[in-house]
Amino acid sequence: MAEMNRDAEAWPTLPLEAWRDTRDTLHMWTQIVGKIRLELTPRLNHWWEVPFYLTSRGLTTTPIPFHDRTFDATFDFIDHALIFQTNEGRTEIIPLRRRSVADFYHDVMATLQRLGIDVRIWTMPCEMRDSKPIRFEEDHQHASYDPAAAHRFWRVLLRADTILKEFRARFIGKASPVHFFWGGFDLAVTRFSGRPATLPADADSITREAYSHEVSSCGFWSGSGSLTGAAFFSYAWPEPPGFKDAQIRPASAFYSAEFKNFLLPYDDVRSAADPRAIVLEFLQSTYDAAANLGRWDRVDLERRENLESP
């Protein structure tokens, strides 16, 4: 019984409805900080300059350049604070509490001014699936923060981060780091076939940069739309013929036509006897489908011990 309780604690419940307001507010807060990073950091392929990374306390930007100085920003979900630190030893702390996005935005920009960091960002949120975007400085609608819910979300992200890194290690071709995209509010890692992708003629600049090459991508997402709970996801771009009909493991995983992803519900993971094993099974089987149907050169891209048996 004690072992079961430890497992349940390691994989806490995360029903979307129970923390949706906090999730939506936190999503906007991370976009504010993310857009500061986007504005000041040199552009990398596939937008790899913009994500955050998991830490033992929360999510961090890693160092951001500003002229001959650097600073970073960390969302601390243990002490519930946004912490700015500079290479000169200065620290500014903004408590994470119930407050509007507009109030948080003005506090962040004032804090940067005190640190001598002058930056302007585009204040329109991006990747809003469920609601109409409101400029940060005008958003008094999103104003929730449940510290316990934010802490649970971060703990789940830590578990997912560890598993995704283990999965990434099986691949020796080009692959992204495991990183948190504040636009989609998801944790992801991406493998590349090495071949350029053919994009639709009307693809926007963001899509052209993100999907310039063939990928198999996977990760963890808190949910949206008809997906009322968190899930692990996996997709291929471009999606090869037959991908959505591929036999995927475990049995509870399914293809979502709405999201064009395979999904493995988080509740099925946390209730499994071995959560790590079924997540890895899901990630491997969806990648196998993408790589085999897309005719990837798997011998050159994967460690020999991880190649699928004939």
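Note that the numbering runs from 1 along the sequence shown for the chain.
- Between F220 and Y266, the two ring planes are perpendicular [angle over 60°; tilted spans 30° to 60°].
- Using a 4.5 Å heavy-atom threshold, the side chains of H151 and H80 count as touching.
- For the pair F254 and P265, the minimum side-chain heavy-atom distance is below 4.5 Å.
- In summary, the side chains of S193 and E214 do present a donor paired with an acceptor at a separation below 3.5 Å, with no hydrogens or angles considered.
- Using a 4.5 Å heavy-atom threshold, the side chains of R170 and R191 count as touching.
- Here the options are L283, L263, T286, the test is side-chain contact (heavy atoms from CB on, under 4.5 Å), and the partner is F233; only L263 passes.
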Requested in this report: List the steps, then state whether side chain to side chain contact (heavy atoms under 4.5 Å, CB included) holds for W154 with I78.
Outcome: CA-CA 9 Å; W154 161 71; I78 293 178; 3.9 Å; yes
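- Side chains of D118 and Q113: a donor on one and an acceptor on the other come within 3.5 Å.
- Between atom CE of residue M28 and atom CD1 of residue I134 there is a gap of 9.0 Å, rounded to the nearest 0.5 Å.
- The aromatic ring centres of F181 and W47 sit 6.0 Å or more apart.
- Ring orientation note: the planes of Y211 and W237 are tilted relative to one another, at an angle of 30° to 60°.
- Ion pairing of D24 with R20 is absent here, as no side-chain N (NZ or NE/NH1/NH2) approaches a carboxylate O to less than 4.0 Å.
- Between F243 and F262, the ring-plane angle classifies as perpendicular under the 30° and 60° cut-offs.
- Counting heavy atoms of neighbouring residues, nucleotides and ligands inside a 6.0 Å radius, atom CZ of R295 does not exceed 12 of them.
- For Y145 and W29, the ring centers sit closer than 6.0 Å to each other.
- The closest side-chain donor-acceptor pair between R135 and T123 falls under 3.5 angstrom.
- In this structure, CD1 in I64 is found 7.5 Å from CG in D72, a value given to the nearest 0.5 Å.
- In this structure, F185 has its ring center closer than 6.0 angstrom to the ring center of F180.
- Evaluated for a side-chain contact (heavy atoms from CB on, under 4.5 Å) with F84, the options T74, I93, V108 yield exactly one hit, V108.
- The pair E239-K260 does not meet the salt-bridge criterion, since no charged nitrogen lies less than 4.0 angstrom from a carboxylate oxygen.
- Side-chain contact between I94 and F104 is present, with heavy atoms from C-beta onward closer than 4.5 Å.
- Classified by interplanar angle (parallel below 30°, tilted 30° to 60°, perpendicular above 60°), the ring pair F77/F75 is parallel.
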